[in-house]
Amino acid sequence: MNLFNEFAKDLRVILDDLATGGDLPAGLDLSKVTVEPPRDPSHGDLSTNSALVLSKQAGRKPRDIAELLAARLRALPDVTSVEIAGPGFVNLRLSDDTWRERVGDILVAGVTYGNGSIGAGIAVNVEYVSANPTGPLHAAHARGAVVGDALASLLEKAGYTVTREYYINDAGAQVEVLGRSTYLRYREALGETVEIPAGMYPGEYLKDVGAALAERDGAKWLDASEADWLPVTRDFAIEQILAGIKQDLADLGVRNQVFSSERALIASGAVEDAYQSLVEQDLIYTGVLEPPKGKKPDHWEPRPQTLFRATQFGDDVDRPLKKSDGSWTYFANDIAYHLDKYRRGSSVLIDVLGADHGGYVKRMQAATTAVTGGQGSLDAKICQLVHLLQNGEPVKMSKRAGTFVTLRDVIDQVGRDVVRFIMLTRRNDQTLEFDFAKVTEQSKDNPVFYVQYAHARCCSVLRHAQDADPARSLAPEDLAATAVLARLSSPEELELIKLMASWPRVVESAAQAHEAHRIAFYLYDLAGAFHGLWNKGKDDTTMRFLLDEDPELTTARLALVKAVSIVIASGLDVMGVEPVEELRG
RNA sequence: GGACCCGUAGCUCAGCUGGAUAGAGCGCUGCCCUCCGAAGGCAGAGGUCGUACGUUCGAAUCGUAUCGGGUCCGCCA
């Protein structure tokens, strides 16, 4: 349960009541009314801006409204004090017992604690990775993969129905090149000496693909014409590479459920379909675009094109849908694809894209709005670059020389949980430094370690308690039933409890903002609060969790510790990171 | 030339969709500890939130302009 929402409800009842009683005008717009924890905890547990927000509408001074509210709020059962502060904030304090009860909630709910319902009835499609099937995933793909995957989990936790999707760009010139490159490697596998010309894919990985094809088909294609072998080598290569990509994703703990093929989409007539719908809306015309300014106009020649009126939906220029040979542009296919996602039931579409797609967002949003008749919305999460470092030194990468770091390399070096956690330690639109040395360091400035360490410490305490008293049950439901939570009375303990009580709120707001990184920051804070409490026990032995002379307090603290481990596990679950029970060397 | 993203402590970054005295880690300064319940702990200094206007009870947050850095810019995907 989200305590803040409960009080928001209470507050609305009170406001309605005041309206019917004539103290406030009826029909007030309450959309800006909030109930949230004040930034400064000394102001109280909860704060509402109602009086400030409603002042103008109601035609009364904020202080007067605040007085009215305060009188009513004081009557609520869990409220111990109400103060009016600053320009008209109403600050509440809740009884300690109200907070302590959350520990029981957490123990009973387990890792489902924090699950919300704001997404109920809303279907969201999260598309991520969507790397071209022309080569293995490299390190940079890790970010989009993790951001998308964690966002999907976050949305699920908040109650949305989520489809995890991967768009396979298996149509167009690049996969044709892939097919030809593979053919060369195929000949190579059959004993020929080949040169890989410029413009082909030189990667070593295609040797395996060529060899596998030679293995399967023998010399069958050696004397065939390109028209015959190209579809074969192309489809074979796509299939092989895609299998590798899926394996890499699986090893990163990423589980896209739906793989949509661009080629299949075109074959189904979906592009023609989407195009017709735009024609019917009079959003298509033939025109000539201005050359981009400031950029060298090289071979620019004005040319009439089939254009979509993207400018009507906020884009900067109208966008071409057909190439001069009459085939669809990538954009045209993508419009059909987004319509397809919408028609499959998701009105909220999220694309997790790389930094190089920033300029693409506006047109896709324009198209999504147009093609869904304004019923579908697209949010694009652009992931900025990841800088790979080794002890502060940039890791040299060159596509030309083929020395790029693959996703597999990264997973093998630092482990999947570290990759996943670190990728969420920055907002998606902020560049991220990934230092192989730092991310595996055991210190406070490594958030992965710091959070895992907190969880491990919880487990360690529970293990000790079990060793000391093998007959004791540490099952969460038993702790919930037997612990006398009123014994948790130190400021540090209550602070920790309040932090855990805000977890549902964190989930909710992060989901609404489509920002999974907030989970990582929350866990870092929670870990910090727990470590702080632990440290108290170092010089004040009465603050330790296990106290031989006070079994009742010990049980209460074990309940608290268990709750902390549950909330950490709940957060790590969203991030797709496995909580560890002990740390090793 | 244009679009998008970023600009917050010396450094790396948060800042809950407009709230009250702007936070964390590292680094720096000072004190304490050497416990075994494994990262040492505690305290302190350090900011006109790039700049300038604007919106309003109230702006790091929204708008406009401007400066600096990044990504990108017609039939590539």
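Every chain is numbered from 1, with letters handed out A, B, ... down the list of sequences.
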[M] and [N], which share atom name [atom1], separated by this distance in whole Å:
N: B:G41; M: B:A24; atom1: P; answer: 15 Å
N: B:U12; M: B:U48; atom1: C1'; answer: 23 Å
N: B:A9; M: B:A52; atom1: P; answer: 16 Å
N: B:A60; M: B:C13; atom1: C1'; answer: 14 Å
N: B:A20; M: B:G25; atom1: C1'; answer: 26 Å

Could you tell me the separation between the [atom1] atom of [X] and the [atom2] atom of [N], rounded to a whole number of Å?
X: A:Leu389; N: B:U12; atom1: CG; atom2: P; answer: 12 Å
X: A:Ile382; N: B:C5; atom1: CD1; atom2: C1'; answer: 9 Å
X: A:Tyr524; N: B:C16; atom1: OH; atom2: C1'; answer: 19 Å
X: A:Asp467; N: B:G37; atom1: CG; atom2: P; answer: 12 Å
X: A:Gln384; N: B:G69; atom1: CD; atom2: P; answer: 16 Å
X: A:Asp64; N: B:C57; atom1: CG; atom2: P; answer: 17 Å
X: A:Leu54; N: B:G58; atom1: CG; atom2: P; answer: 17 Å

Exercise. Let me know, please, whether A:Lys536 or A:Asp40 comes out on the 5' side of the other along RNA chain B by nearest nucleotide.
Key: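 The residue closer to the strand's 5' end, by nearest nucleotide, is A:Asp40.
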
Quiz item: When the ring centroid of A:Tyr450 is compared with that of A:His531, is the distance short of 6.0 Å?
Solution: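 Yes: the rings meet the under 6.0 Å criterion.
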
Self-check item: Ring centre gap for A:Phe436 and A:Phe434 strictly below 6.0 Å
Solution: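 When the ring centroids of A:Phe436 and A:Phe434 are compared, they turn out to be within the sub-6.0 Å range.
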
Quick one: is [N] close enough that its OP1 or OP2 comes under 4.0 Å of any side-chain N or O from [X]?
X: A:Gln512; N: B:C16; result: no
X: A:Lys56; N: B:U56; result: no
X: A:Arg39; N: B:U21; result: no
X: A:His531; N: B:G25; result: no

Self-check item: Centroid distance under 5.5 Å and plane angle under 30°, A:Phe89 vs B:A20
Solution: yes

Quiz item: Is there aromatic stacking of A:His464 against B:G37, centre distance under 5.5 Å, plane angle under 30°?
Solution: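 The base of B:G37 is not stacked with A:His464 (the test needs centres under 5.5 Å and planes under 30°).
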
Starting the side chain at C-beta, find the nucleotide from [options] nearest to [X].
X: A:Asn535; options: B:C13, B:A77, B:G41; answer: B:G41
X: A:Ser47; options: B:A77, B:G37, B:A20; answer: B:A20
X: A:Phe545; options: B:A38, B:G37, B:A77; answer: B:G37
X: A:Asn169; options: B:A39, B:U17, B:A77; answer: B:A77
X: A:Pro87; options: B:G19, B:A39, B:C76; answer: B:G19
X: A:Tyr330; options: B:A77, B:G19, B:A39; answer: B:A77
X: A:Arg518; options: B:G19, B:A77, B:C16; answer: B:C16
X: A:Asp356; options: B:G19, B:U71, B:G40; answer: B:U71
X: A:Gln305; options: B:U56, B:G74, B:U12; answer: B:G74
X: A:Ala173; options: B:A3, B:G1, B:A77; answer: B:A77

Contact class for [X] (heavy atom, under 4.0 Å): base, sugar-phosphate, or nothing?
X: A:Glu433; value: nothing
X: A:Ala513; value: base
X: A:Ser443; value: sugar-phosphate

What about [X], does its side chain sit under 3.5 Å from the base of [N] through a donor-acceptor pair?
X: A:Ser460; N: B:A38; value: no
X: A:Asn91; N: B:A20; value: yes
X: A:Arg427; N: B:C13; value: no

Quiz item: Distance under 6.0 Å and angle within 45° of the ring axis: does A:Lys322 meet both against A:Tyr275?
Solution: yes

Do [X] and [Y] sit within salt-bridge range, that is, some charged N less than 4.0 Å from a carboxylate O?
X: A:Glu165; Y: A:Lys341; value: no
X: A:Lys381; Y: A:Asp351; value: no
X: A:Asp315; Y: A:Arg319; value: yes
X: A:Arg557; Y: A:Glu493; value: yes

Practice problem: Searching all strands shown, indicate the nucleotide that pairs with B:A45 (Watson-Crick or G-U wobble; both distances under 3.5 Å). | Solution: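 Base-paired to nothing in any strand shown.
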
Practice problem: Could you check whether the rings of A:Tyr360 and A:Tyr330 sit parallel, tilted or perpendicular, using 30° and 60° as the cut-offs? | Solution: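 Geometry flag for A:Tyr330 against A:Tyr360: tilted rings.
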
